[in-house]
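One-based numbering, in listed order, for ligands and for the atoms of each.
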Amino acid sequence: MKHFIVGPVELYPFTKDIYNKDYFYFRTEEFGNMVKENMNRTSKLLNNNVENSLIYLTASGTAAMEAVIENCIANNDKALVINGGTFGKRFCELLKHHNAAYDSINLAWDEKLEWAHLLPYAQKGYTTLFVNLHETSTGQLYDIKILSDFCKENGMYLVVDAISTFLADDYDMEKYGIDVTIVSSQKGFCMSPGLSFISFSQRMKDKVLNNDFVKSQYFDFKDYFKNIERGQTPYTPAVFIMYELKAVLDYIDKIGGKDALLKIIEEKCIHFRKLAKENGLAFPEKYPLSNMLTPIICNDIKAGELVKHLRDKYELCVNPCGGALADKMFRVSHIGNTTVEDFDDLIEKIMLSINEIKNKEFAYDR
Ligand SMILES: *Cc1c(COP(=O)(O)O)cnc(C)c1O
């Protein structure tokens with residue numbers, strides 16, 4: 001089975017090898033030093049130069065989203081959420097669950113986020129903006145520049161779930177004054193699922209260190225900040241994924257750094273979109289897309305059926321869409337250990353599958 005899904009993605013062979021090796025006990029200086037180095041190198045990739053400002057949780061990305069709400073939102077805060085799909089909706093649900101005051105800017109699935117959407121919320125006492133910069137459910141990559149400008153003009157904190165854009169598109173915390181970035185292991189990092197990472201600006205780190213409103217014990221960031229100074233966590237981490245991280249960071253260095261990695265993904269992305277167009281396939285053009293994935297719109301067959309057919313007959317796994325988009329669209333991811341040639345094969349099999357499904361329906365009709 002070959003995976004063209006958003007995560008977990010096709011792993012690099014060198015990360016799989018890690019599981020055959022011995023590991024060393026994690027409450028040691030040796031492990032702590034490796035963690036500290038990994039955290040520093042990851043902070044550089046995020047362009048965040050605040051010292052000891054990156055912590056990690058043994059938990060999936062959603063847990064990190066929830067823990068950020070728990071640790072960064074106080075009683076007197078008022079949040080604003082960009083809700084353009086499944087993941088924006090998740091931020092809303094989590095804020096509601098935590099009894100936090102919030103409003104959301106709700107976008108139709110194919111509606112591009114513009115400055116005009118934000119304007120009605122200016123100078124209304126909102127303290128924190130939450131956004132999934134790449135809304136993975138539709139492929140829309142929001143404009144970080146307008147979000148950043150809006151937060152600066154309104155004195156707001158900017159919290160970014162960058163889980164599906166970091167290491168697929170360009171990303172820069174300092175340049176855009178981003179206060180919190182959430183990423184997780186199974187997306188752009190191309191590692192096993194299980195770790196999530198949270199990077200803070202100085203002012204948000206200070207707010208977290210001084211808060212007294214956190215009810216969760218396991219997810220109290222104050223403990224994580226204290227421990228990360230010596231490369232440790234309050235509780236047992238997913239040790240092996242920390243080794244995967246070192247291997248992936250070494251790989252990124254070896255191929256020439258972050259830009260070289262982004263280029264590899266962009267090549268696959270451009271190649272696939274060109275082939276898709278040549279074959280008469282449609283993808284959304286009203287909003288900017290992340291390089292991480294391409295959504296394909298199905299007009300004359302059900303997208304969900306195509307996804308199943310590709311998996312059952314050709315052992316190719318692409319992402320279905322959820323909810324109202326399930327029959328309309330599917331998504332093809334460009335991250336992970338795949339090659340340009342893999343996308344040649346994928347397009348060929350998508351076109352075959354469409355014909356096979358149509359012919360089957362035709363046979364039923366008769
Ligand atoms: C994948 C993803 C998540 C995290 O989902 P988990 O299943 O909890 O790891 C969160 N936000 C976005 C934008 C994602 O793409």
Side-chain angles (χ1 to χ4, degrees), residues 3-11 46 55-70 72 79 81-95 97-98 104-107 109 113 129-144 147 158-171 173 178 180-199 216 218-219 237-238 241 244-245 265 269 284 287-295 317-323 325 329-336:
H3 297 89
F4 299 88
I5 56 172
V6 298
V9 298
E10 288 291 333
L11 298 180
L46 290 159
I55 61 171
Y56 75 102
L57 311 173
T58 294
S60 90
T62 306
M65 292 163 74
E66 178 160 16
V68 163
I69 289 169
E70 173 82 3
C72 300
V81 183
I82 309 297
N83 176 9
T86 311
F87 292 99
K89 185 162 163 253
R90 190 168 299 173
F91 262 140
C92 294
E93 288 165 352
L94 291 167
L95 283 158
H97 193 83
H98 285 256
S104 59
I105 296 175
N106 302 320
L107 304 170
W109 79 268
L113 178 75
L129 183 77
F130 285 84
V131 64
N132 319 86
L133 193 56
H134 167 209
E135 173 49 76
T136 325
S137 65
T138 64
Q140 177 163 186
L141 181 67
Y142 300 126
D143 184 347
I144 184 64
L147 294 165
L158 176 53
V159 174
V160 179
D161 164 358
I163 292 176
S164 65
T165 183
F166 177 60
L167 297 184
D169 308 295
D170 211 4
Y171 189 80
M173 283 184 75
I178 295 165
V180 177
T181 297
I182 304 166
V183 297
S184 69
S185 52
Q186 82 275 26
K187 302 269 170 84
F189 271 128
C190 308
M191 309 190 294
S192 305
L195 287 189
S196 50
F197 303 83
I198 310 165
S199 180
S216 170
Y218 189 83
F219 289 120
I241 309 178
E244 288 189 42
L245 179 56
I265 295 163
C269 171
Y287 54 84
L289 294 171
S290 163
N291 282 347
M292 190 234 202
L293 65 82
T294 302
C317 187
V318 299
N319 261 116
C321 287
L325 290 175
M329 200 158 84
F330 67 95
R331 295 164 296 156
V332 172
S333 156
H334 307 302
I335 59 171

Subject >> Minimum-distance pair of heavy atoms, taken over all atoms of S199 and M173 >> reply: OG-SD, 3.3 Å

Original post:
If you measure only the distance, is there a donor-acceptor pair under 3.5 Å linking the side chains of E244 and S185?
Top reply: no

**OP:** Identify the heavy atoms of P284 and W109 that sit nearest to each other, and give their distance.
**Re:** CG-CZ3, 4.1 Å

Subject >> Within 6.0 Å of NE2 in H97, more than 12 heavy atoms from elsewhere >> reply: no

**OP:** Return the residue, atom name and 0.1 Å-rounded distance of the protein heavy atom closest to atom 5 (O) of ligand 1.
**Re:** T62 OG1, 3.6 Å

Original post:
Tell me, do L195 and F189 make a side-chain contact under 4.5 Å, heavy atoms counted?
Top reply: no

**OP:** Do me a favour and list the nearest non-hydrogen protein atom to atom 11 (N) of ligand 1 with residue, atom name and distance?
**Re:** D161 OD2, 2.6 Å

Subject >> Within-cut-off N or O pair, T136 and ligand 1, under 3.5 Å >> reply: yes

Subject >> Gap between atom CG of L293 and atom CD1 of I265 - 0.5 Å precision >> reply: 11.5 Å

Original post:
Which residue and non-hydrogen atom of the protein lie closest to atom 10 (C) of ligand 1, and at what distance in Å?
Top reply: I163 CD1, 3.3 Å

Original post:
Got an N/O contact under 3.5 Å between H134 and ligand 1?
Top reply: no

Original post:
Looking at S290 and D169, what are the two nearest heavy atoms and their distance?
Top reply: OG-OD2, 2.7 Å

Original post:
Which protein non-hydrogen atom lies closest to atom 14 (C) of ligand 1, naming both residue and atom, and how far is it?
Top reply: K187 NZ, 3.0 Å

Original post:
For ligand 1, which atoms have a heavy atom of G61 less than 4.0 angstrom away?
Top reply: 4 (C), 6 (P), 8 (O), 9 (O)

**OP:** Of the side chain and backbone of Q186, name the one, both, or neither that has a heavy atom under 4.0 Å from an atom of ligand 1.
**Re:** side chain

Original post:
Numbering the atoms of ligand 1 from 1, which are under 4.0 Å from a heavy atom of M65?
Top reply: 10 (C)

